[in-house]
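Values in this document were obtained by computation on a predicted structure and should not be read as measured data. Proteins get letters first, then strands, A, B, ... in listed order; numbering begins at 1 in each. The figures here come from the full heavy-atom set of this structure, side chains too, leaving out hydrogens, waters and symmetry mates.
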Amino acid sequence: MSDYIPQEIEPKWQKKWEADGLYRAAIDESRPKHYALTMLPYTSGDLHFGHWYPMAPSDARARFMRMNGFNVLFPIGFDAFGLPAENAAIKRGIHPKKWTYANIDNMRRQLRSMGAMFDWRREAISADPEYYRWTQWFFIQLYKYGLAYRKMSPVDFCPNCNTTLAREQVWGEDRHCERCETPVIKKDLEQWFFKTTAYADELLNYEGMDWPERVRVLQTNWIGRSVGAEVQFPVISDQSLVNSDPSKVITDHSSLITVFTTRPDTLWGATFMVLAPEHPLVDKVTMPEHRAEVEAYKTQAARQADIDREAADKEKTGVFTGGHVVNPVNGERIPIWIADYVLMTYGTGAIMAVPAHDQRDFEFARKYGIEVRVVIQPDGMDPLDGATMPASVPASGTMVNSGPLTGTSADEAFHAAVKFVEQKGIGRGAVNYKLRDWLISRQRYWGAPIPMILCAKCGWNPLPEADLPMLLPDDVEWLPTGQSPLKLHPTWKQAKCPVCGGEAERETDTMDTFMCSSWYHLRYLSPQYDKGPFEQKEYDYWMPVDTYTGGIEHATMHLIYTRFFHKALRDMGITEGPEPMLQLRNQGMILGEDGEKMSKSRGNVVAPDALVAQHGADALRALLMFAYRWQDGGPWSSQGIEGTSRWLRRVWTMVLESVSMGKSETRPYDERNLRRRVHQTLKRVTRDFQQFEFNTIVSGLMELLNDMVKAKEAGAYGTPEWNGAVDIYLRMLAPVCPHIAEELWERTGREYSIHTQAWPKVDEDAAREEEIVIPVQVNGKLRDRITVPADATEEQIKAATLASEAVKKFLEGKPPKKVIVAQKKLVNIVV
RNA sequence: GCCGAAGUGGCGGAACUGGCAGACGCGCACGACUCAAAAUCGUGUACCCGGAAGGGUAUGAGGGUUCAAUUCCCUCCUUCGGCACCA
């Protein structure tokens, strides 16, 4: 017997599998398909266990499905556009393209060393022109379908570098630029958006999806649907009317402020209005004597990070604009304030404040001496007094001070109020979402250019589809200002208007990389296809994705975008079916040995290369499956590898080392028992694969190894039963450790390849126990164990229990009060 | 603050319809082999009392339901993740 040397057998088999095309996935109508997708890695260059951890177990499961008769597609690719490539370029003077593709070469080599069943012919790279050509095509389709539009939106901007900053490039409490430490300012730019909100309701429906409850809850909260009403409040433009008789109708107003409220029933209790400091009407409603104060407040609000502005325990602040609106339900004049607790990004950016029944409004009103008016009297409570109540009260009870609603219950008042505002023409029932439209413009170079052209005469028009891809120029200057190279390029911007043929300009913004990753599962279907984003017959056979694996951190962004994308394309007739991915499973995160997130700056990154070189990919694959609950993850431990490495050496020895008979005469080999243990393990392992419980798959195989080694020593070696056990063992091992399984399969004279073999069938009869050991408790405490035939009746078990010496001792001659025989699993005697 | 996940030996974890808590592995200790080391093999390894037989206590803390609770219910604590004044 030679030694187990993974460094020799692993590259050998990887080469052979590649040469034989063992993992090529092709349409085969005779077999059921299984599309197993694992989230594509970003080309950061440092492939570590954060990449292996989701992929190696996913690969094992894909292999398991293949052995179960499925035609399995398990593709891989690279998410190659994005900010880190530009940062590397600026820092080290390497072109982003060069940096990215060098990283891909390295990552590809590392991924190959894992021995996964990736079909490399289907590799897709989002930065390839042949890929982003179709990303651009999808943009145009969304634009034509009316789902893309432009609007002004603020970005974080460094005035010194003259560049837009991503959130991660803004550091510290003073919000400074990561490069030059200049404080960041907000800048309004016109940018492209997708109407994700048009699909908000549909995205809340998870019917038919086998997705974790956790993710569904996260998405539901992210979409944040709330039902209420929009109500228009007229602005009083003539200040002399502010103090006039409220019963007189004021017709002097030049504009309306719309608020969204989830409690239209409390409209009569609104005593002030609050606008977000960024609200477009702030300047208009502000009176001259308040202007300086309002401007100062706006400036400090704009300087704050969302996080500071939104701190829960922060004291409410705001300033009065001097302006007033009319409450349209009762004609009252109410003052307009601005406050940073109202956000422009949610609802209409304006609220009606009802301090008696909303705690935030209450705190604000008390601080600034604004009236608190009770409009709901909770049942069974002393009549409330707005002037003295210590806190707002929950809105359930009977309506008071509410015009026509007075006397109705608060439950009915909601609908009555909506009806009232609709009849008066001052508002309507409305649904609002926390979900915002998807901002896809990036003021960056290393991304897919947005294929739009601006003509002074014809406006914005898409590049004709025949002219795609709209190529990213390579000859860009990397100026230390950090300004977008596309803007600085001498000629790139120049274009012909697709409508009139006149001089026009290209869009210089590029697309959010989430756009590229919203459809990569479609590009895998036919990455070389040049007549469309994918080939129809491939789509018809493989889609939808059956199993999608990846990190929980993508629950709200990527996984909502890709669902939106699929649904929008479906409405255009490009895709089919309600959802792109039927089943989702999330793995946890592998942390550094210090328990912190792996990162270069912390210096706790563990790369797989050295460990593969030392112990082999199989031992590492097994460790990643064995050492953690997959959905939890945990800190890396360098010692664990000894365990799986030792296990594989023992498997090697068990299978290959011949033994002379009679090594252990004392424990005769029990054929029936060997077979039973094999099929019991098979049953467990099969179930665990189905349920993504990888750690117990490996521990089950370790246990069976221990049993088989004992049987071997007892004389099983060489018998037909032994050979059958080895056969099943290797098949179970194959998805976990594909190289050693193939090697042992060959060395025991079996037919190439183990990876095209069928998963063994569980023999229920063989797995069944003939005798069972039943623990016996007296008053819930374990006192004895009895052995009975597996088909013993409850009466027989009871009799055997009472005959036990240990039990008699604890009964002390007294008759038992109750004897419980629990499902033939346990006996409990109550004295 | 809200939402979610999770608290089990020195460590990772197991216990899959409420039924033997600690499988499997790491680490550690002792032993075999060896001139020695590594590798390998064997034995032991929750805690407390006891020489042993045996007994007691234990699944974050406290309470409840039950013959029986890591598992179900209530209250609280801790850790991690996400969201964050959502009108």
Side-chain angles (χ1 to χ4, degrees), chain A residues 3 212-218 220-222 224-226 228 259-263 266 270 273-274 276 306-307 309-316 339-343 345-354 358-361 363-364 432-434 551-553 555-556 586 588-589 591 595 622-623 626-629 631-644 646-647 649-650 653 684 687-688 691 693 695-696 698-706 709 773-785 816-831:
Chain A
D3 287 343
E213 174 71 17
R214 243 166 116 187
V215 175
R216 299 202 308 257
V217 168
L218 282 168
T220 300
N221 292 344
W222 186 265
R225 183 179 199 268
S226 46
V259 302
F260 174 76
T261 175
T262 54
R263 298 304 309 255
T266 62
M273 170 179 273
V274 186
D306 287 355
I307 234 107
R309 200 166 141 172
E310 296 158 356
D313 52 356
K314 195 186 134 192
E315 197 183 330
K316 307 281 172 286
D340 57 15
Y341 77 92
V342 173
L343 304 176
T345 50
Y346 183 78
T348 61
I351 64 161
M352 63 169 203
V354 185
D358 181 285
Q359 188 57 26
R360 287 160 305 161
D361 297 346
E363 287 169 25
F364 195 88
N432 193 55
Y433 300 93
K434 197 181 141 196
I552 187 85
E553 69 273 18
T556 47
N586 304 112
M589 201 189 294
L591 307 171
L623 177 65
F626 176 63
Y628 315 88
R629 272 188 288 240
Q631 67 272 28
D632 291 352
W636 171 255
S637 163
S638 53
Q639 288 179 332
I641 190 73
E642 298 296 339
T644 48
R646 198 171 293 157
W647 166 55
R649 283 196 296 272
R650 294 186 69 213
T653 307
R684 271 179 56 188
R687 183 196 64 199
D688 290 346
Q691 300 180 0
E693 287 169 10
N695 53 346
T696 45
V698 178
S699 68
L701 289 173
M702 286 174 170
E703 278 178 67
L704 181 58
L705 173 78
N706 293 341
V709 167
V773 176
I774 297 182
V776 180
Q777 298 178 338
V778 178
N779 285 341
K781 290 202 167 127
L782 181 70
R783 296 302 180 190
D784 198 10
R785 288 189 174 82
K817 207 186 269 175
K818 205 170 171 189
V819 179
I820 296 147
V821 181
Q823 299 140 34
K824 287 193 179 182
K825 277 183 192 160
L826 177 141
V827 179
N828 191 12
I829 300 168
V830 187
V831 185

A.B. asks: What is the nucleic acid contact for A/Ser637, judged by heavy atoms within less than 4.0 Å: base, sugar-phosphate only, or nothing?
C.D. replies: nothing

A.B. asks: Any pair with a residue in residues 776-785 of chain A that passes side-chain hydrogen bond (donor to acceptor under 3.5 Å, both in side chains), sequence neighbours left out, goes on the list, sorted by first then second residue, please.
C.D. replies: A/Asp784-A/Ser804

A.B. asks: Would you mind reading off the distance between A/Asp784 atom CG and B/G54 atom P, rounded to a whole angstrom?
C.D. replies: 11 Å

A.B. asks: Partner lookup for B/C80, please. Criteria are Watson-Crick or G-U wobble with both distances under 3.5 angstrom; report none if nothing qualifies.
C.D. replies: B/G4

A.B. asks: Under a 3.5 Å limit for both distances, which nucleotide forms a Watson-Crick or G-U wobble pair with B/U75, could you say?
C.D. replies: B/A61

A.B. asks: Can you tell me how far C1' of B/C83 sits from CG of A/Leu218, to the nearest Å?
C.D. replies: 8 Å

A.B. asks: A/Lys781 has a side chain; which of B/C3, B/G25, B/G56 sits nearest to it?
C.D. replies: B/G56

A.B. asks: Which pairs, protein N/O on one side and nucleotides 63-65 of chain B N/O on the other, fall under 3.5 Å?
C.D. replies:
none

A.B. asks: In chain order, what residues pass the side-chain hydrogen bond (donor to acceptor under 3.5 Å, both in side chains) check against A/Asn586, with sequence neighbours excluded?
C.D. replies: none

A.B. asks: Quick check: does any side chain N or O of A/Asn432 sit under 3.5 Å from a backbone N or O of A/Ser226, one acting as donor and the other as acceptor?
C.D. replies: no

A.B. asks: For B/A68, what is the paired nucleotide under Watson-Crick or G-U wobble rules, both distances under 3.5 Å?
C.D. replies: none

A.B. asks: Does A/Arg646 make a side-chain N or O approach to OP1 or OP2 of B/C41 shorter than 4.0 Å?
C.D. replies: no

A.B. asks: Would you mind pulling out the nucleotide paired to B/A15, Watson-Crick or G-U wobble, both distances under 3.5 Å?
C.D. replies: none

A.B. asks: Whole angstrom is fine here: how far is it from CE in A/Met352 over to P in B/C85?
C.D. replies: 20 Å

A.B. asks: Enter syn or anti for the glycosidic conformation of B/G13, syn applying to angles within 90° of 0.
C.D. replies: anti

A.B. asks: Return the set of residues passing salt bridge (Lys or Arg N to Asp or Glu O under 4.0 Å) with A/Arg684 (not counting sequence neighbours), or none when no residue passes.
C.D. replies: A/Glu703

A.B. asks: How would you list, by chain and number, every residue that makes a salt bridge (Lys or Arg N to Asp or Glu O under 4.0 Å) with A/Asp358, sequence neighbours excluded?
C.D. replies: A/Arg360

A.B. asks: Determine the Euclidean distance between corresponding P atoms of B/C72 and B/A15; express it in Å to zero decimal places.
C.D. replies: 14 Å

A.B. asks: Using purine N1 to pyrimidine N3 plus N6-O4 or O6-N4 for Watson-Crick, or N1-O2 and O6-N3 for G-U wobble, both under 3.5 Å, which nucleotide pairs with B/C85?
C.D. replies: none

A.B. asks: Quantified in whole Å, what is the C1' atom distance between nucleotide B/G1 and nucleotide B/U71?
C.D. replies: 31 Å

A.B. asks: From B/C24, B/G4, B/C86, pick the nucleotide closest to the side chain of A/Val217?
C.D. replies: B/G4

A.B. asks: Holding to salt bridge (Lys or Arg N to Asp or Glu O under 4.0 Å), I want the full list of residues that pass it with A/Arg629, two or more places apart in sequence or in another chain.
C.D. replies: A/Asp632

A.B. asks: Tell me, please, which residues at least two apart from A/Arg216 pass salt bridge (Lys or Arg N to Asp or Glu O under 4.0 Å).
C.D. replies: A/Glu213

A.B. asks: Dump every N/O contact between nucleotides 69-72 of chain B and the protein below 3.5 Å, one line per pair.
C.D. replies:
none

A.B. asks: When you measure from the side chain of A/Arg649, which nucleotide among B/G27, B/A87, B/U40 comes out closest?
C.D. replies: B/U40

A.B. asks: When rounded to the nearest Å, what value does the distance between P atoms of B/G42 and B/G51 take?
C.D. replies: 32 Å

A.B. asks: Using purine N1 to pyrimidine N3 plus N6-O4 or O6-N4 for Watson-Crick, or N1-O2 and O6-N3 for G-U wobble, both under 3.5 Å, which nucleotide pairs with B/A32?
C.D. replies: B/U40

A.B. asks: If you take all heavy atoms of A/Gly780 and A/Asn828, which pair is closest and at what distance?
C.D. replies: N-OD1, 3.0 Å

A.B. asks: Got a sec, which residues hit side-chain hydrogen bond (donor to acceptor under 3.5 Å, both in side chains) with A/Asn706, two or more places apart in sequence or on another chain?
C.D. replies: A/Arg650

A.B. asks: Mind checking A/Arg214 for me? I need base, sugar-phosphate or nothing, with any heavy atom below 4.0 Å counting as a touch.
C.D. replies: sugar-phosphate

A.B. asks: Can you tell me, in whole Å, how much space there is between the P of B/U59 and that of B/A69?
C.D. replies: 11 Å

A.B. asks: How do A/Asp358 and A/Glu703 order along RNA chain B: which one's closest nucleotide is nearer the 5' end?
C.D. replies: A/Glu703

A.B. asks: Whole Å only: how far is the NZ atom of A/Lys434 from the P atom of B/A87?
C.D. replies: 10 Å

A.B. asks: If I take atom CZ in residue A/Arg225 and atom P in nucleotide B/C86, what distance separates them, rounded to the nearest angstrom?
C.D. replies: 19 Å

A.B. asks: Using a 4.0 Å heavy-atom cut-off, write out nucleotides 8-22 of chain B from 5' to 3' as B (base contacted by protein), S (sugar-phosphate only) or - (no contact).
C.D. replies: ----BSS-B--BB--

A.B. asks: Please identify each residue that fulfils side-chain hydrogen bond (donor to acceptor under 3.5 Å, both in side chains) with A/Ser637, with sequence neighbours left out.
C.D. replies: none

A.B. asks: The criterion is side-chain hydrogen bond (donor to acceptor under 3.5 Å, both in side chains); which residues satisfy it with A/Trp647, sequence neighbours excluded?
C.D. replies: A/Tyr729

A.B. asks: Tell me: CD1 of A/Ile552 to P of B/C83, nearest whole Å?
C.D. replies: 12 Å

A.B. asks: Determine the Euclidean distance between corresponding P atoms of B/G63 and B/G50; express it in Å to zero decimal places.
C.D. replies: 28 Å

A.B. asks: Within the 4.0 Å heavy-atom criterion, would you say A/Trp222 contacts the bases, only the backbone, or no part of the nucleic acid?
C.D. replies: sugar-phosphate

A.B. asks: Find the partner of B/C20: check Watson-Crick (N1-N3 plus N6-O4 or O6-N4) and G-U wobble (N1-O2, O6-N3) distances, both under 3.5 Å, and reply none if neither fits.
C.D. replies: none

A.B. asks: For nucleotides B/G12 and B/G60, find the distance between their P atoms and express it as a whole number of Å.
C.D. replies: 13 Å

A.B. asks: Separation of A/Leu705 atom CG from B/G25 atom C1', in whole Å?
C.D. replies: 13 Å

A.B. asks: Given the P atoms of B/A36 and B/A46, what is the spacing between them in whole Å?
C.D. replies: 32 Å

A.B. asks: With a 3.5 angstrom cut-off on both distances, give the Watson-Crick or G-U wobble partner of B/U45, or none if there isn't one.
C.D. replies: B/G27

A.B. asks: By nearest nucleotide on RNA chain B, pick out whichever of A/Thr345 and A/Ile829 is the more 5' one.
C.D. replies: A/Ile829

A.B. asks: Between B/G9 and B/A23, how far apart are the two C1' atoms, rounded to whole Å?
C.D. replies: 14 Å

